[in-house]
Novice: 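Just dropping this structure here.
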Amino acid sequence: MQPASISQLMERMAGSLSAINRRSLFAYQCAVTAAAAFVRRDELSRRKFHSLSSGADSRACKLRCRFNHLIRNFSSANPAVVVADDEKDGNKQVISITPRLYDYILANVREPQILRQLREETANMRGSQMQVSPDQAQLLAILVQILGAERCIEVGVYTGYSSLAVALVLPDSGCLVACERDAKSLEIAKKYYELAGVSHRVIPKHGLAADALKSMILNGEAGSYDFAFVDAEKKMYQEYYELLLQLVRVGGVIVIDNVLWHGKVADPMVNDAKTISIRNFNKNLMEDKRVSISMVPIGDGMTICRKK
């Protein structure tokens with residue numbers, strides 16, 4: 001990370017404290033000095049920061065506590081470890097995925113050759129960032145196996161990486177309803193279902209996913225599915241979830257992707273439509289007593305829901 005980026009981060013952190021005017025020289029000095037302390041590992045800069053924030057008023061205390069926490073995290077000898085901000089948690093150390101650590105994780109993913117081939121073809125396409133990562137696909141596959149799932153749904157197929165990972169572990173009698181609105185992407189997915197020898201397990205549905213799910217409910221399929229995965233239009237998450245909750249049986253699982261949305265959901269300064277939508281969805285899910293939930297920081301964040 002470059003010094004300018006860190007300075008901007010520190011300025012924003014300072015500005016988010018309600019007791020401080022974002023334009024105040026005091027907040028700006030503390031932000032830039034704290035950034036310099038991190039970038040240069042300069043003890044003199046650290047002392048200057050502490051002198052700036054050494055007052056007893058609430059403004060100084062808030063800045064001091066927050067920036068001390070940031071410096072402690074960023075300048076840790078082990079950048080893969082972050083200390084929890086809440087002292088009530090005993091300053092619990094948790095893993096932060098660095099590039100080196102993520103390479104290690106990927107090296108421990110059992111990725112079938114056909115999935116690797118699909119991933120590499122998709123990497124050259126527009127929108128390739130929509131494809132789930134190998135570690136996410138492996139998690140989905142093992143959840144299906146643990147459940148003993150036979151009937152699955154995927155909302156948002158793209159080129160089929162996650163749906164193929166699921167189809168590969170289904171029994172021959174199993175089925176996966178794969179909903180995708182982009183015909184070109186769906187054709188690539190269908191090609192790989194054929195190559196992998198699992199096309200008889202997949203029912204592709206081209207068109208709007210909400211329409212397909214409503215049609216399935218009208219056809220009497222409510223409560224007949226074991227597993228569902230959602231990785232589609234973010235502003236539609238709540239509607240997809242409610243429809244899938246009707247289609248999935250009691251004890252069944254719904255997995256929602258992108259619930260951390262590149263970290264934007266936790267940033268009060270970011271309030272675009274998609275971020276607000278996901279933030280609201282996460283809040284609603286947290287309060288929904290119809291399911292048990294676990295938010296998992298894998299990929300761009302997944303929430304696993306078990307229907308009660």
Side-chain angles (χ1 to χ4, degrees), residues 130-133 135-158 160-170 174-181 201-205 208-261 265 274 277-308:
M130 294 189 292
Q131 180 174 250
V132 302
S133 58
D135 49 325
Q136 286 180 291
Q138 182 173 255
L139 176 61
L140 294 173
I142 203 166
L143 285 173
V144 167
Q145 290 175 300
I146 291 169
L147 268 175
E150 293 192 7
R151 290 171 60 79
C152 304
I153 303 170
E154 177 160 309
V155 176
V157 172
Y158 187 43
Y161 189 86
S162 51
S163 56
L164 181 54
V166 169
L168 285 169
V169 299
L170 285 176
C175 75
L176 168 66
V177 177
C179 305
E180 173 57 50
R181 67 180 182 181
R201 301 176 192 167
V202 184
I203 304 171
K205 286 186 178 288
L208 298 177
D211 292 343
L213 299 178
K214 289 173 185 176
S215 176
M216 291 159 66
I217 292 169
L218 290 174
N219 288 339
E221 298 177 46
S224 68
Y225 288 86
D226 306 299
F227 179 87
F229 175 54
V230 181
D231 184 13
E233 175 55 52
K234 311 313 169 192
K235 290 184 282 187
M236 293 287 290
Y237 267 16
Q238 192 65 45
E239 183 174 357
Y240 294 147
Y241 170 73
E242 292 296 339
L243 292 169
L244 290 170
L245 207 55
Q246 295 180 58
L247 287 161
V248 168
R249 63 172 172 83
V250 172
V253 168
I254 302 171
V255 180
I256 315 290
D257 196 19
N258 301 115
V259 295
L260 296 181
W261 199 231
V265 289
K274 286 187 177 180
S277 179
I278 296 174
R279 195 179 285 146
N280 289 340
F281 174 75
N282 289 341
K283 181 177 182 295
N284 292 339
L285 202 54
M286 182 69 178
E287 297 170 353
D288 192 342
K289 303 303 181 185
R290 298 171 295 175
V291 292
S292 302
I293 64 170
S294 179
M295 183 181 282
V296 183
I298 185 172
D300 194 24
M302 286 177 158
T303 296
I304 302 169
C305 314
R306 180 184 180 272
K307 182 177 175 179
K308 294 182 179 179

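Quick caveat: nothing in here was measured; it's all calculated off a predicted structure. Note: hydrogens, waters and symmetry copies are ignored here, and every other heavy atom, side chains too, is used.
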Novice: With the side chain counted from C-beta on, respond yes when Leu243 and Gln246 share a heavy-atom pair under 4.5 Å apart, and no when they do not.
Specialist: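 Of all side-chain heavy-atom pairs linking Gln246 with Leu243, at least one is under 4.5 Å.
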Novice: Taking Lys307 for the side chain and Leu245 for the main chain, is one N or O donor matched with an acceptor at less than 3.5 Å?
Specialist: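 Pair found, side chain donor or acceptor close to backbone of Leu245.
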Novice: How long is the straight-line distance from CG of Leu143 back to CD of Gln138, given to the nearest 0.5 Å?
Specialist: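 Gln138 atom CD to Leu143 atom CG measures 11.0 Å (nearest 0.5 Å).
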Novice: Is any side-chain heavy atom of Tyr241 closer than 4.5 Å to one of Asn284?
Specialist: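 No, too far: nothing below the 4.5 Å cut-off.
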Novice: Ignoring hydrogens and geometry, is there a side-chain-to-backbone donor-acceptor pair from Glu239 to Met236 under 3.5 Å?
Specialist: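 Judged by distance alone, no pair lies under 3.5 Å.
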Novice: Applying side chain to side chain contact (heavy atoms under 4.5 Å, CB included), can you list everything that pairs with Ala141, at least two apart in sequence or on another chain?
Specialist: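 Applying side chain to side chain contact (heavy atoms under 4.5 Å, CB included) to Ala141 gives Val169.
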Novice: Starting at OG of Ser277, measure out to NZ of Lys235 and round the result to the nearest 0.5 Å.
Specialist: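 Interatomic distance, Ser277 OG to Lys235 NZ, rounded to 0.5 Å: 8.0 Å.
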Novice: Could you grab the distance from atom CG of Leu170 to atom CG of Leu176, nearest 0.5 Å is fine?
Specialist: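 If I round to the nearest 0.5 Å, the distance is 6.5 Å.
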Novice: Any side-chain heavy atom of Leu285 sitting closer than 4.5 Å to one from Met295?
Specialist: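 In short, these two side chains do not touch, never coming nearer than 4.5 Å.
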Novice: Considering residues at least two apart in sequence or located in another chain, which fulfil the salt bridge (Lys or Arg N to Asp or Glu O under 4.0 Å) criterion with Arg290?
Specialist: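 With neighbours one apart ignored, the set is Glu242, Asp288.
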Novice: Show the nearest heavy-atom pair for residues Ala212 and Lys205, with the distance to one decimal.
Specialist: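 Shortest heavy-atom separation between Ala212 and Lys205 comes out as CB-CD, 3.9 Å.
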Novice: Does the pair Ile254 and Val291 meet the rule for a side-chain contact (heavy atoms from CB on, under 4.5 Å), with working shown?
Specialist: CA-CA 9 Å; Ile254 302 171; Val291 292; 5.8 Å; no
Novice: For residues Glu221 and Ser224, is any side-chain donor paired with an opposing acceptor at under 3.5 Å?
Specialist: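 The answer is no; no qualifying pair exists.
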Novice: Could you grab the distance from atom CD of Gln131 to atom OH of Tyr161, nearest 0.5 Å is fine?
Specialist: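 So the CD of Gln131 and the OH of Tyr161 are separated by 6.5 Å.
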Novice: Find out whether Val255 and Phe227 are in side-chain contact, i.e. whether some heavy atom of one side chain is under 4.5 Å from a heavy atom of the other.
Specialist: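 They are in contact (side-chain heavy atoms under 4.5 Å apart), so the answer is yes.
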Novice: Side-chain contact test, heavy atoms from C-beta onward, threshold under 4.5 Å: evaluate it for Asp300 versus Trp261 and give yes or no.
Specialist: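 Yes, their side chains come closer than 4.5 Å.
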Novice: Between Ser292 and Lys308, is there a side-chain heavy-atom distance shorter than 4.5 Å?
Specialist: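 They are in contact (side-chain heavy atoms under 4.5 Å apart), so the answer is yes.
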Novice: State whether the number of non-hydrogen atoms from other residues, nucleotides or ligands found under 6.0 Å of Ile142 atom CD1 is greater than 12.
Specialist: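 12 or below, so no.
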Novice: Show the nearest heavy-atom pair for residues Val259 and Ile278, with the distance to one decimal.
Specialist: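 The answer is O-CG2, 3.6 Å.
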Novice: How long is the straight-line distance from NZ of Lys234 back to CD1 of Ile256, given to the nearest 0.5 Å?
Specialist: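 Going from the CD1 atom of Ile256 to the NZ atom of Lys234 covers 9.5 Å.
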Novice: Under the side-chain contact (heavy atoms from CB on, under 4.5 Å) rule, what do Val248 and Val253 come out as? Steps first, then yes or no, please.
Specialist: CA-CA 7 Å; Val248 168; Val253 168; over 6 Å; no
Novice: Distance from Phe281 atom CZ to Asn258 atom CG, nearest 0.5 Å?
Specialist: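 Separation between the atoms: 11.5 Å.
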Novice: Under the 3.5 angstrom rule, does the side chain of Lys289 hit a backbone N or O of Glu287 as a donor-acceptor pair?
Specialist: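 Side chain of Lys289 to backbone of Glu287: no pair is present.
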Novice: Can you tell me if Tyr237 uses its side chain to pair, donor with acceptor, with the backbone of Asp257 under 3.5 Å?
Specialist: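 Checked: pair present.
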Novice: Please tell me if the side chains of Met302 and Leu140 come closer than 4.5 Å, counting only heavy atoms from C-beta onward.
Specialist: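 When only atoms from C-beta onward are counted, Leu140 and Met302 do touch, with a gap below 4.5 Å.
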Novice: Check whether Asp226 reaches the backbone of Arg151 with its side chain - one donor and one acceptor, N or O, closer than 3.5 Å.
Specialist: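 Yes.
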Novice: At their closest point, which heavy atom of Glu233 faces which heavy atom of Tyr240, and how far apart are they?
Specialist: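 Nearest heavy atoms, Glu233 then Tyr240: O-CE1, 3.7 Å.
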Novice: Atom CZ of residue position Arg181 - does it have more than 12 heavy atoms of other residues, nucleotides or ligands inside 6.0 Å?
Specialist: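 No, CZ of Arg181 has 12 or fewer neighbouring heavy atoms, counting only those of other groups under 6.0 Å.
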Novice: Between Ile203 and Cys175, what is the shortest heavy-atom contact and its length?
Specialist: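 Taking Ile203 first and Cys175 second, the nearest heavy atoms are CD1-CB, 4.4 Å.
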Novice: Restricting to non-hydrogen atoms, name the atom on Ser162 and the atom on Phe229 that form the minimum distance, rounded to 0.1 Å.
Specialist: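 Distance-wise, the nearest heavy atoms are OG-CE2, 3.6 Å.
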Novice: Are side-chain heavy atoms of Leu168 and Leu164 found at a separation under 4.5 Å?
Specialist: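 Yes, their side chains come closer than 4.5 Å.
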Novice: Quick one: do Gln136 and Ile298 satisfy side-chain contact (heavy atoms from CB on, under 4.5 Å)? Show the steps, please.
Specialist: CA-CA 7 Å; Gln136 286 180 291; Ile298 185 172; 4.0 Å; yes
Novice: For the residue pair Ala167 and Val202, what are the closest heavy atoms and their distance?
Specialist: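 The answer is CB-CG2, 3.9 Å.
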